[in-house]
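Read the structure below first, then the notes.
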2 protein chains.
Amino acid sequence: MHQRNVIMFSKSCEYAIKAMIFVAQKSSEEQRIGVKEIAKGTDAPEHFIAKIMQDLSRRKLIHSIKGPNGGFYMDSHDLKNSIADIVKAIDGDSIYTDCVMGLKACSEKNPCPVHFEYKEIKKNLIKMIEHNTLAEFKEKLESGKFFLKNK
Amino acid sequence: MHQRNVIMFSKSCEYAIKAMIFVAQKSSEEQRIGVKEIAKGTDAPEHFIAKIMQDLSRRKLIHSIKGPNGGFYMDSHDLKNSIADIVKAIDGDSIYTDCVMGLKACSEKNPCPVHFEYKEIKKNLIKMIEHNTLAEFKEKLESGKFFLKNK
DNA sequence: ATTTTAAAAGATATTAAGGTCTTAATATAT
DNA sequence: ATATATTAAGACCTTAATATCTTTTAAAAT
């Protein structure tokens with residue numbers, strides 16, 4: 001048996017989603033959040049999350065400014081991004097395209113044994129990640145009904 | 001971006017599921033299937049699938065006999081196993097227990113931001129793997145409506 | 001009993017994911 | 001202008017998953 005099985009998202013992607021939600025909550029154009037704070041707020045290793053933030057920044061999902069009082073922040077446009085946008089940036093679109101059995105040839109006309117059943121599940125999965133935007137999380141989390149931290 | 005993202009099942013587990021379906025179809029107490037044939041029938045590397053078959057055998061999901069005319073086969077009891085049983089044997093029960101965001105502390109009382117939405121999806125996912133038994137696949141595949149091969 | 005065949009077991013190799021550290025670039029404050 | 005703080009980039013390390021190869025064990029056929 002294997003140690004850890006990735007369900008849905010890679011570890012990088014999990015960190016990315018948590019970091020984005022964290023920054024969405026705390027930041028503004030004036031108030032930027034540094035890597036150290038993000039690492040603490042999301043229980044992620046500092047240098048590793050730094051790499052991930054770079055990716056997200058390069059892909060224009062978040063803004064960054066170097067130097068004193070620098071850090072990461074989101075503008076109102078960034079807040080419109082959904083979990084799906086983060087997943088696509090970090091893990092690619094395999095969640096949209098891949099057969100759950102890993103069959104490259106699997107399709108509507110050449111379906112694997114669970115193709116049609118999984119199709120429905122996948123639809124709901126995609127709905128879930130697409131309709132949850134960072135702006136909505138900001139609201140949800142402010143209400144105190146949800147949690148991000150792991151300890 | 002990462003090369004390959006595991007959705008749901010590890011590669012080993014994908015091979016295991018395919019191999020079990022393959023043997024379910026072809027084998028009987030008298031007619032055993034060897035590793036080479038399984039590897040060909042599922043597009044899996046021979047030595048790798050051999051390891052996986054060992055695991056499945058050790059966990060009593062399949063029967064094996066050594067020596068001339070030896071190989072793997074299933075009895076009627078083995079055919080009652082579901083995909084879920086295979087997944088649990090190879091990947092463990094993380095699909096049942098883990099938070100989709102990877103949060104160890106996530107629970108009904110301390111939910112992550114997508115906890116309740118994912119709960120429904122997870123329920124359907126579990127239903128899918130639990131209600132599909134090897135015996136049912138045997139029927140389905142015999143009807144020629146589904147495929148396993150990848151090329 | 002001996003030989004043959006095939007799985008079981010174990011050792012080793014490769015690749016990808018995850019994680020750390022060092023240096024460079026750059027924005028800001030002084 | 002200079003010093004400082006902070007992200008960006010790149011090199012490197014570690015671990016787990018995936019894959020391969022070799023040796024051992026055991027069943028069956030002769």
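Note that the structure is predicted; figures quoted are calculated from it, not measured. Letters A, B, ... are given to chains in the order of the sequence lines, protein chains preceding strands, and every chain is numbered from 1. Just so you know, these numbers use all the heavy atoms, side chains as well, and skip hydrogens, waters and symmetry mates.
- Protein atom CZ of A/Phe9 is 16 Å distant from nucleotide atom P of C/dA17, rounded to whole Å.
- In this structure, A/Lys11 is positioned above the aromatic face of A/Tyr15, its NZ or CZ under 6.0 Å from the six-membered ring centre and within 45° of the axis.
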For this session: Between protein and nucleotides 22-30 of chain C, map the contacts as a letter string: B base, S sugar-phosphate only, - none, heavy atoms under 4.0 Å, written 5' to 3'.
Result: B--BBBBS-
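- Nucleotide C/dA7 holds its C1' atom 13 Å from the OH atom of B/Tyr73, rounded to whole Å.
- In this structure, B/Phe48 places its CZ atom 17 Å from C1' of C/dA8, rounding to the nearest Å.
- You'll find that the side chain of A/Lys51 is closest to D/dA9, out of D/dT18, D/dT20, D/dA9.
- Here D/dA5 presents its P atom at 18 Å from CZ of A/Phe72, a figure rounded to the nearest Å.
- Contact annotation: A/Tyr15 does not reach the phosphate of C/dG18 (side-chain N/O to OP1 or OP2, under 4.0 Å).
- Residues B/Phe137 and A/Pro113 come closest through the heavy atom pair CE2-CB, 3.0 Å.
- In this structure, the nucleotide among C/dA7, C/dA9, D/dT18 sitting nearest to the side chain of B/Lys11 is D/dT18.
- Distance, B/Ile49 CD1 to C/dA9 P: 17 Å, rounded to whole Å.
- When side chains are defined from C-beta on, A/Ser27 does not count as touching A/Phe72, because their heavy atoms never get closer than 4.5 Å.
- If you measure from atom CE of A/Met53 to atom P of C/dG19, you get 16 Å, rounded to the nearest angstrom.
- Residue B/Ile33 contributes atom CD1, which lies 16 Å from atom C1' of C/dT5 at whole-angstrom precision.
- The base of C/dA7 does not come close enough to the side chain of B/Gln54 for any donor and acceptor atom to sit less than 3.5 Å apart.
- Results of the side chain to side chain donor-acceptor pair (under 3.5 Å) test with A/Ser28 over A/Arg32, A/Glu30, A/Gln31, A/Lys26 single out A/Glu30 as the only residue that passes.
- Of the candidate nucleotides D/dA8, C/dA7, D/dT18, C/dA7 has the atom lying nearest to any side-chain atom of B/Val35.
- The 5' end of DNA chain C is approached more closely, in terms of each residue's nearest nucleotide, by B/Ser64 than by the other of B/Ser64 and A/Glu46.
- The side chain of A/Ser12 contributes no N or O atom lying less than 4.0 Å from OP1 or OP2 of C/dA17.
- Here the nucleotide nearest the side chain of B/Arg58, chosen from C/dA7, C/dA9, C/dG18, is C/dA9.
- Between the side chains of B/Asp85 and B/Ser82, at least one donor N or O sits under 3.5 Å from an acceptor N or O.
- Side-chain contact annotation: A/Glu136 with A/His131, donor-acceptor N/O pair under 3.5 Å absent.
- With sequence neighbours left out, A/Glu120 forms a side-chain contact (heavy atoms from CB on, under 4.5 Å) with A/Lys123.
- For the pair A/Glu37 CD and D/dA5 C1', the interatomic distance rounds to 15 Å; values are reported in whole Å.
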